[in-house]
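Keep in mind that the numbers below use all heavy atoms, side chains included, and drop hydrogens, waters and symmetry copies.
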Amino acid sequence: MSTPNFLLSNGKNMPMVGLGTWRSPPEVITQAVRDAIDIGYRHFDCAHIYGNEAQVGAAIMEKLEEGVVTRDQLFITSKLWNTHHKPDLVRPACETSMRNLRVDYLDLYLMHWPMAYKSGDNLYPTCPDTGKAVFEDIDFVDTWKAMEELVECGLCHAIGVSNFNEQQINRLLSMAKLKPVVLQIECHPYLRQKSLITLCYDNAIAVTAYSSLGSAHTPYEKPGAYPLLKHPVILEIAAKYDRNPAQILLRYQTQSGIIVIPRSVSKHHMYENFKKIWDFGLDNDDLQAIDDLDCNGRFMTMKAAYGHPHHPFEI
């Protein structure tokens with residue numbers, strides 16, 4: 001079966017399961033995307049900073065040329081990196097991603113983070129004395145206004161944001177001509193984000209979860225007593241439904257209307273993540289048991305940007 005779609009506020013459909021490409025090596029991602037399209041994936045979550053958009057684009061172009069899919073059947077997301085927040089850099093950055101992905105429009109373009117780094121070719125400008133990112137004084141609202149022009153000229157069907165907090169979403173809503181269609185955030189049982197998600201739903205903003213399976217290989221934080229995929233509660237629920245832990249965690253999100261983008265380069269895991277989560281539902285007791293794992297445990301803290309006035313997580 002194909003994956004269900006989420007109807008976005010711009011009237012377009014977004015498949016509720018996509019393939020995440022963060023930390024997928026360029027040398028294997030082309031074959032992974034080929035396999036994903038053959039399995040039935042139509043939603044691909046990409047970003048300039050991932051360093052593999054050209055390799056993703058190679059697979060997309062192959063499958064388009066083979067007639068396996070048509071462009072209008074695909075939903076392709078990319079993201080504006082922090083060093084391209086200056087308004088006159090927004091369109092060139094978008095066009096670079098489009099060129100690498102071999103497409104003439106993006107279905108969705110996200111502002112990857114609200115913080116601006118020093119503009120330039122160095123994607124991680126770093127202060128040698130502190131090891132922290134070098135900031136630039138650019139308001140994300142001004143960056144957003146430049147992104148709105150991408151929709152007006154047809155380069156993007158929709159725009160949204162990633163890693164914004166509630167105050168930042170509210171500020172953007174109060175000043176935007178085009179409101180964000182999607183918010184992409186870290187979301188999993190250790191970091192439920194219910195208040196932020198409710199704000200989004202109240203404003204017709206779809207939510208995409210990254211790290212929905214936890215992040216076992218993250219170089220960042222390691223919240224919780226167990227990796228999510230090995231938590232006894234998840235293992236017990238998986239046994240009850242005769243599913244694997246990843247399928248339980250993905251169903252937990254999609255059952256709440258949250259879009260998921262699990263990363264994998266394994267054809268078997270891609271198949272399991274895509275095909276085996278729609279023919280069952282978690283009962284209320286199991287949903288509550290998973291909810292109870294929430295410990296405000298964040299994997300991606302972006303500590304290199306602590307001190308930035310627009311850092312979304314720093315308290």
Side-chain angles (χ1 to χ4, degrees), residues 1-6 8 10 12-81 84 90-112 123 147 150-151 153-160 162 181-182 184 206 208-210 212 259-275:
M1 64 176 292
S2 61
T3 183
N5 291 318
F6 191 103
L8 301 175
N10 69 342
K12 303 288 186 179
N13 282 314
M14 184 175 184
M16 289 198 68
V17 178
L19 183 70
T21 61
W22 180 50
R23 304 186 75 217
S24 292
E27 63 270 18
V28 299
I29 190 63
T30 301
Q31 185 59 48
V33 173
R34 290 189 194 110
D35 291 340
I37 290 174
D38 290 341
I39 288 167
Y41 283 81
R42 298 296 180 260
H43 170 190
F44 296 92
D45 183 80
C46 310
H48 180 68
I49 194 63
Y50 299 167
N52 57 15
E53 286 191 324
Q55 291 77 17
V56 172
I60 289 171
M61 179 56 66
E62 283 181 31
K63 292 300 178 181
L64 290 172
E65 290 177 344
E66 290 171 9
V68 176
V69 288
T70 57
R71 176 64 185 92
D72 63 349
Q73 293 173 323
L74 298 174
F75 191 101
I76 299 174
T77 299
S78 187
K79 306 180 191 76
L80 178 77
W81 183 239
H84 300 137
V90 169
R91 178 166 179 160
C94 178
E95 290 173 333
T96 295
S97 284
M98 289 168 50
R99 189 162 53 248
N100 286 333
L101 290 164
R102 313 281 286 276
V103 296
D104 56 8
Y105 67 89
L106 292 172
D107 297 275
L108 177 64
Y109 198 45
L110 303 177
M111 193 186 314
H112 207 147
L123 299 179
M147 292 177 66
L150 301 176
V151 178
C153 70
L155 293 181
C156 302
H157 284 175
I159 51 176
S162 180
V181 170
V182 171
Q184 185 175 129
T208 300
Y210 71 77
S212 52
I259 298 153
V260 292
I261 46 171
R263 179 191 70 86
S264 180
V265 295
S266 156
K267 191 170 186 177
H268 172 72
H269 288 154
M270 285 190 284
Y271 179 87
E272 295 279 305
N273 292 343
F274 187 78
K275 296 283 191 180

Quiz item: Is there a side-chain contact between K275 and I39, using heavy atoms and a 4.5 Å cut-off?
Solution: yes
Quiz item: Taking the side chain from T208 and the backbone from I259, do they hold a donor-acceptor pair closer than 3.5 Å?
Solution: no
Exercise. Flag the pair R263 / D45 as yes when at least one side-chain heavy-atom distance between them is below 4.5 Å, and no otherwise.
Key: no
Quiz item: Do the side chains of L110 and L80 get nearer than 4.5 Å, heavy atoms only?
Solution: no
Practice problem: Measure the spacing between OG1 of T77 and CD of Q184 and express it to the nearest 0.5 Å. | Solution: 7.5 Å
Practice problem: Answer yes or no: is there a donor N or O on one side and an acceptor on the other, between the side chain of R42 and the main chain of I37, under 3.5 Å? | Solution: yes
Quiz item: Does a side-chain heavy-atom distance below 4.5 Å link L123 with H84?
Solution: yes
Quiz item: Which pair of non-hydrogen atoms, one from L101 and one from S78, has the smallest distance, and what is that distance?
Solution: CD1-CB, 4.2 Å
Quiz item: Looking at CG of L108 and CD1 of I76, how far apart are the two atoms once the value is rounded to the nearest 0.5 Å?
Solution: 11.5 Å
Self-check item: Value rounded to 0.5 Å, distance of CD1 in I29 from CG in D35
Solution: 10.0 Å
Quiz item: Would you call K12 and D72 a salt bridge, taking side-chain N to carboxylate O under 4.0 Å as the test?
Solution: no
Exercise. Provide the closest heavy-atom pair for Y109 versus C156 in the form atom of the first, atom of the second, distance.
Key: CB-SG, 3.6 Å
Quiz item: Are L8 and F75 close enough that some pair of their side-chain heavy atoms sits under 4.5 Å apart?
Solution: yes
Exercise. Just say parallel, tilted or perpendicular for the rings of H112 and Y50, cut-offs at 30° and 60°.
Key: perpendicular
Quiz prompt | Stepwise side chain to side chain contact (heavy atoms under 4.5 Å, CB included) test for V69 and L64 | solution = CA-CA 5 Å; V69 288; L64 290 172; 4.0 Å; yes
Practice problem: Give, for atom SG of C46 and atom CG of L106, the distance between the pair rounded to the nearest 0.5 Å. | Solution: 9.0 Å
Quiz item: Which heavy-atom pair separates A158 from N10 by the least distance, and what is that distance?
Solution: CB-ND2, 3.4 Å
Exercise. Using a 4.5 Å cut-off on heavy atoms from C-beta on, say whether the side chain of C153 contacts that of R91.
Key: yes
Exercise. With rounding to the nearest 0.5 Å, note down the distance linking CG in N52 to CD in E27.
Key: 10.0 Å
Practice problem: Would you mind checking if D38 and K63 are paired as a salt bridge, meaning a charged N to carboxylate O distance below 4.0 Å? | Solution: yes
Quiz item: About how many Å separate SG of C94 and CG of L150, when rounded to the nearest 0.5 Å?
Solution: 4.5 Å
Quiz item: Just by distance, do the side chain of N273 and the backbone of P262 share a donor-acceptor pair under 3.5 Å?
Solution: no
Quiz item: Under 4.5 Å between any side-chain heavy atoms of V181 and M14, yes or no?
Solution: no
Quiz item: Just by modelled atom types, is the M270 backbone N or O under 3.5 Å from a matching donor or acceptor in the Y41 side chain?
Solution: yes
Self-check item: Exercise: identify the closest heavy-atom pair between M16 and N5
Solution: CG-C, 3.9 Å
Practice problem: Flag the pair E53 / T21 as yes when at least one side-chain heavy-atom distance between them is below 4.5 Å, and no otherwise. | Solution: no
Quiz item: Are the side chain of H43 and the backbone of P15 linked by a donor-acceptor contact shorter than 3.5 Å?
Solution: yes
Quiz item: If you look at every heavy atom in R34 and E62, which pair is closest and at what distance?
Solution: NE-OE1, 2.7 Å
Quiz prompt | Over all atoms of both residues, closest heavy-atom pair of L74 and D107 | solution = O-OD2, 3.3 Å
